[in-house]
Amino acid sequence: MGETNEAALQPNASEALALSQALLAWYRAQRRDLPWRRTSDPYRIWVAEIMLQQTQVATVIPYYERFLARFPDVQALAKAELDEVLALWQGLGYYGRARNLHAAARLVCERHGGIIPSNPHEFRSLPGVGPYTAGAVLSIAFGQDEVALDGNVARVLCRLFNDDQDPRTAKGRKELRRYAQALLPPGQAGELNQALMELGATICLPRAPRCPACPLGVSCRARSLGVQEERPVAKRRGELPRREWVAALVEDEGKILAVRRRPQGLLGGLWELPGGEVLPDEEHPQALARILRVHLGLEAAVGEQLATVRHAYSHFQVKVHLYRCAVRGTPTPSGPWDGFHWLASEDYNAYGLTGVTLKALARLGFAVPGSPAGS
DNA sequence: TTCCAGGTTG
DNA sequence: CAACCTGGAA
């Protein structure tokens, strides 16, 4: 009695038990065999959770295997140069994750004797470890009864309890954490968290969820009401600003001039073709000559236009206009860059190149990784 | 071609 | 609250 329609109801203890048992049984039978599910090593589980932030499983797998083959433990990662870490992260995106993970590995070695801290406060304090990653690693690797609320879990819970709050708000997340907490079977939080994530990734999909295959069946309140595709509440996405960039292909004896972006901010620490934003009312060749002169100290003769490449970042989209350039002088990086290198074909995997650089080089016929000519 | 999903940081 | 990337689906 006293039922209100303000917020969805919390499950009582027996409902919660039935739901979590159904989820665990389904997960044991249906879970995908993923590399990070074959280990109990907290380091490997941590690396996986960082890579899986904002990134799909299928994309992560090859990166994960290469990364752990090269850095099998936290000491190996701590000893490495950031350049090499970023090279292994090349193409995975959100490079701040790699910079933070590398810095965190060094902190673990300096402050925790090379042992990943299982103390929630200490682990959560490492750079790149937020509420989700802390909950995931602490529950999966250390067996602690912690909630791990990621996008998949939020979607599952919004539907299961027909929660019409926006999970991006503090209030919405608090509500979802209460549901997740109510479901956690003591001692099996890691398994339940993974079951919820697996359900979100394989059955309870953002669009066209596969409800007939769902182990929660008629317990799902949104499905019972036929509103599963309206949960979580839709988010609108505004137009991304459009920018115009120019970039130079400078070749010397078969090598290509590349520059390294400063370690902070967009694509920090990654290598790219020299170039930058075109000013309002500026001609492309003038813009390119200006950038090469001001930030590299090079006098450039801008030649033919070679191609235009489109790319979308998190908060804007660009068209990059590529020009062949001849230059005089030795590059002296400044401004957006802190290094340069004449890139040979064998360097394409050893330097962390930006996605748009890979796209540009592929378009120009260079055998970069990921391009048809490069495999 | 366009749209969308997704954790942490400063 | 804006910055931060890419790939997969519509």
Side-chain angles (χ1 to χ4, degrees), chain A residues 46-63 86 89-104 123-138 146-158 166-170 172-173 176-177 193 196-197 200-202 204-210 229-243 245 261-272 308-320 352-360 362 369-371:
Chain A
W46 176 28
V47 169
E49 292 301 339
I50 299 296
M51 288 189 170
L52 287 163
Q53 289 172 8
Q54 319 293 87
T55 311
Q56 298 196 337
V57 163
T59 304
V60 165
I61 288 175
Y63 284 89
L86 288 172
W89 212 272
Q90 170 179 293
L92 198 54
Y94 288 105
Y95 300 94
R97 296 181 296 170
R99 301 193 298 268
N100 284 332
L101 181 61
H102 181 238
F123 187 69
R124 173 69 177 76
S125 301
L126 296 170
V129 177
Y132 162 73
T133 305
V137 173
L138 292 171
E146 296 278 349
V147 166
L149 189 63
D150 72 352
N152 281 324
V153 174
R155 186 172 58 254
V156 169
L157 295 175
C158 275
D166 184 339
R168 293 164 302 168
T169 65
R173 278 195 305 277
L176 291 172
R177 293 188 71 84
N193 287 334
L196 286 166
M197 293 187 244
T202 62
C204 197
L205 304 171
R207 278 167 297 189
R210 303 168 51 213
E229 300 216 40
E230 294 153 46
R231 301 285 180 271
V233 292
K235 34 191 152 292
R236 64 180 189 293
R237 182 176 182 112
E239 282 278 293
L240 295 178
R242 294 158 194 274
R243 299 190 189 174
W245 288 357
R261 298 175 66 93
R262 285 175 303 148
Q264 310 86 0
L266 181 73
L267 305 168
L270 275 81
W271 294 82
E272 65 183 2
T308 296
V309 175
R310 279 172 227 279
H311 201 73
Y313 293 100
S314 50
H315 49 302
F316 64 93
Q317 48 187 317
V318 286
K319 274 198 289 197
V320 186
L353 302 174
T354 70
V356 77
T357 299
L358 289 167
K359 205 185 278 188
S371 72

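Lettering follows sequence order; numbering is per chain, from 1.
- Note that OH of Tyr132(A) and CZ of Arg173(A) are 15.5 Å apart. Values are rounded to the nearest 0.5 Å.
- Nearer to the 5' terminus of DNA chain B, by closest-nucleotide assignment, is the contact made by Gln317(A) (compared with the other of Gln317(A) and Gly130(A)).
- The aromatic ring centres of His315(A) and Tyr313(A) sit 6.0 Å or more apart.
- Arg261(A) places a side-chain N or O within 3.5 Å of a backbone atom of Leu266(A) that can act as its donor or acceptor partner.
- Taking atom CG of residue Asp166(A) and atom P of nucleotide dG6(B), one finds them 13 Å apart after rounding to whole Å.
- Pairing each heavy atom of Thr202(A) with each of Leu205(A), the nearest pair is C-CD2, 3.9 Å.
- For the pair Asn100(A)/Ile50(A), no side-chain contact is recorded, criterion being any heavy-atom separation below 4.5 Å from C-beta on.
- Atom CD1 of Ile50(A) and atom P of dG7(B) are 11 Å apart (whole Å).
- If you take CZ of Arg177(A) and P of dG7(B), they are 13 Å apart, rounded to a whole angstrom.
- The CE-C1' distance, from Met51(A) to dT8(B), rounds to 17 Å in whole Å.
- Rounding to the nearest 0.5 angstrom, the gap separating the CD atom in Gln90(A) from the CH2 atom in Trp271(A) is 12.5 Å.
- Spacing between atom CZ of Arg97(A) and atom P of dT9(B) amounts to 13 Å, rounded to whole angstrom units.
- Between Val60(A) and Met51(A), the shortest heavy-atom distance links the atoms CG2-O, 3.3 Å.
- Relative to the side chain of Glu239(A), the nucleotides dA5(B), dC3(B), dT8(B) differ in distance, and dC3(B) lies closest.
- Using a 4.0 Å heavy-atom distance criterion, Arg155(A) is classed as a sugar-phosphate-only contact.
- The span of DNA chain C lying next to chain A, judged by atoms under 4.0 Å from heavy atoms, is bounded 5' to 3' by dA3(C) to dA10(C).
- Position along DNA chain C of the nearest nucleotide to Tyr63(A) versus Arg207(A) favours Tyr63(A) as the more 5'-ward residue.
- Checking the phosphate oxygens (OP1, OP2) of dT8(B), no side-chain nitrogen or oxygen of Asn100(A) falls inside 4.0 Å.
- When heavy atoms are screened at a 4.0 angstrom cut-off, Gly268(A) is found touching no nucleic acid atom at all.
- Distance Glu49(A) CD to dG6(B) P: 14 Å, rounded to the nearest Å.
- Between the P atom of dT1(B) and the CG atom of Leu240(A) lies a distance of 16 Å, rounded to the nearest Å.
- Between Gln56(A) atom CD and dA5(B) atom C1' there is a gap of 8 Å when expressed in whole angstrom units.
- Taking for each of Thr55(A) and Gly128(A) the nucleotide of DNA chain B with the nearest heavy atom, the 5'-most of the two is the partner of Thr55(A).
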